[in-house]
Structures are given as structure tokens and as C-alpha cells.
Amino acid sequence: MATSRLPLVAGNWKLNKTATEAYKLVAEMLPGLRSIKGVEKLVCPPFTALMAVSRLIMDSDLRLGAQDMYWEDRGAYTGEISARMLAEFCQYVIIGHSERRMYFGETNETVKRKVRAALAHALVPLICVGENLEQNEAGQAAGVVSRQVHEALAGLDIQEAGRIVIAYEPVWAIGTGRAATAEAVDMLIRNVIRPTVGGLFGEEIAQGVRVLYGGSVDPDNAAQFFRQPEIDGALVGGASLKARSFVGIVEAAQA
Ligand code: PGA
């Protein structure tokens with residue numbers, strides 16, 4: 001990890017935990033997280049738990065994020081949640097997770113709109129990109145990821161671009177227990193993601209933007225990712241649902 005980029009470990013809870021369960025889990029994590037310095041820590045519970053968790057963590061340095069949002073601020077969009085609503089509780093919002101792309105019709109275009117709306121409300125968009133298995137096997141990973149990054153970010157101004165976080169999550173590594181190799185991730189970030197950001201906003205932004213890895217990260221394999229110079233942290237699914245394993249991953253990021 002490069003020292004100038006603050007490491008970030010984010011938990012993506014997906015469709016898990018009621019508000020009551022979420023409160024309990026975060027209460028369990030807080031003592032272990034408190035002593036860990038030099039790492040930004042973030043949990044992203046379901047919408048229904050955001051208010052309860054935000055009160056619980058008020059006096060801690062744990063950050064709160066949502067897992068998705070809609071790009072309009074308000075209006076006749078039944079069932080949706082806007083950046084303006086999230087901004088009361090959250091600092092972050094995950095955008096374009098592969099499960100949203102796969103099951104809910106998210107496209108590079110909708111990702112782009114959401115990124116803009118999040119930034120307009122001072123939320124940090126944690127933008128997910130990554131190739132699926134078929135694309136990986138066809139040698140298309142670089143092209144797919146570069147296009148996803150380009151289409152999500154094109155048109156932002158420099159200040160906005162400096163605030164985003166990117167998570168590289170190869171779809172075949174998510175929830176499979178089959179993580180990518182740290183070296184391959186490092187290479188893809190160095191050769192594809194940073195140059196794509198650099199092409200849009202210049203070298204300084206490209207070197208300053210934090211890029212996380214996601215996909216079957218656990219307390220046992222986390223350190224090998226964090227040792228890589230281009231990997232600035234992790235987006236963690238399954239292993240973020242247990243206090244011990246999430247704290248363990250955050251500890252690995254500190255070391
Ligand atoms: P996983 O999920 O850690 O369970 O593989 C990662 C993610 O989907 O963000």
C-alpha cells in the first residue's frame with residue numbers, strides 16, 4: 001500500500017441483518033476497531049439499519065455507507081432512496097456492485113448518474129468494477145474494467161474525481177472463496193485502472209485515488225493484498241458479517 005493513500009477497509013453486508021442485528025454486530029466490532037489507527041473503517045449495512053448504526057458510531061471513527069442509491073433527489077420513484085436522504089447518515093455509498101449490475105439492471109450509464117448524484121451530496125461513491133468469468137477467460141478483463149471506469153467517471157471535474165474510491169472486484173472471485181491473486185490485482189490496478197483515471201484527470205489524480213480489492217477477502221488472505229503497492233484496502237462481503245473476521249482484516253491493513 002502506498003503511504004500517501006489512507007487504507008480503507010469496507011464491509012458490504014448485502015441483504016443481511018435487521019436493524020437490531022446490525023446494531024449488535026457493530027457494537028461487537030467497536031472495541032476491536034477502536035485501537036486500530038491509520039486505517040479508515042467503513043460498514044455498509046442495509047438501508048433499514050443506517051439510522052440505528054449511525055447513532056451507535058457517532059463517537060467513533062467508524063464510517064457508514066449505503067449499498068446503493070437512486071440518482072434523483074426526490075419525486076415519484078416508489079421504493080427508491082436518494083443521495084440527499086443518505087447524506088443525513090452516511091459518508092459513503094457503494095455504486096455499481098456487480099450484483100446490482102447482474103440482478104437489477106445496473107449499467108455503466110446508471111452508475112455514472114449515481115456517481116454524480118452522490119458527489120453532489122458530498123457522499124463518497126465507492127464505485128465497483130470487475131470482469132465476469134467469461135470475460136476473464138476470454139482475456140477481456142482489461143478492456144471491460146477500463147470501459148467501466150471510463151464510463152463511470154468521464155465528465156467529472158478534477159475536485160470530484162479526487163474524492164472517489166474504486167473497488168476492483170472480479171465477479172468470479174465474489175462469494176466463491178476463490179480470491180484473485182494479489183499480484184494480478186496489483187498489475188491490473190497499475191496497468192489498467194490508474195492509467196484510465198490518469199487519461200481522464202491526469203497523473204496526480206490517478207496516483208491519489210484509492211483502489212480497493214474485493215472478492216473472497218478474509219483474515220487469512222488479506223495481508224497479501226495489502227502488501228501490494230497499488231492495493232489501498234478491501235471491500236469485504238461475507239467476512240464482514242462477523243466481528244472477529246472484520247476486525248482481523250482491518251488489523252491486517254494496519255500492519
Ligand atoms: P465477498 O464479497 O467478500 O463475500 O466475496 C465481496 C463483495 O461482493 O463486495
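Just the heavy atoms: all of them, side chains too, but no hydrogens, waters or symmetry mates, feed the values below. Fair warning: this is a prediction, and the values are worked out from it, not measured in the lab. Note that ligands are numbered from 1 as they come in the structure, with each ligand's atoms numbered from 1 the same way.
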Within 6.0 angstrom of [X] [atom1], more than 12 heavy atoms from elsewhere:
X: Glu204; atom1: CD; value: no
X: Lys14; atom1: NZ; value: yes
X: Tyr23; atom1: OH; value: no
X: Met102; atom1: CE; value: yes
X: Arg84; atom1: CZ; value: no
X: His121; atom1: NE2; value: yes

Quiz item: Are Gln148 and Asn108 close enough that a side-chain donor and a side-chain acceptor fall under 3.5 Å?
Solution: no

Contact region, Ile174 to ligand 1, non-hydrogen atoms below 4.0 Å, reads both

Please report which non-hydrogen protein atom sits nearest to [atom], along with the residue it belongs to and the distance in Å to one decimal place.
atom: atom 3 (O) of ligand 1; answer: Gly237 N, 2.8 Å
atom: atom 4 (O) of ligand 1; answer: Gly238 N, 2.9 Å
atom: atom 9 (O) of ligand 1; answer: Glu169 OE2, 2.6 Å

Would you say Ser216 touches ligand 1, if touching means a heavy atom closer than 4.0 Å?
-> yes

request  = Mark the output for Ala239 as yes if a heavy-atom distance to ligand 1 is under 4.0 Å, and as no if none is.
outcome  = no

Give the numbers and elements of all ligand 1 atoms closer than 4.0 Å to a heavy atom of [X].
X: Gly215; value: 5 (O)
X: Gly175; value: 1 (P), 4 (O), 5 (O)
X: His97; value: 7 (C), 8 (O), 9 (O)

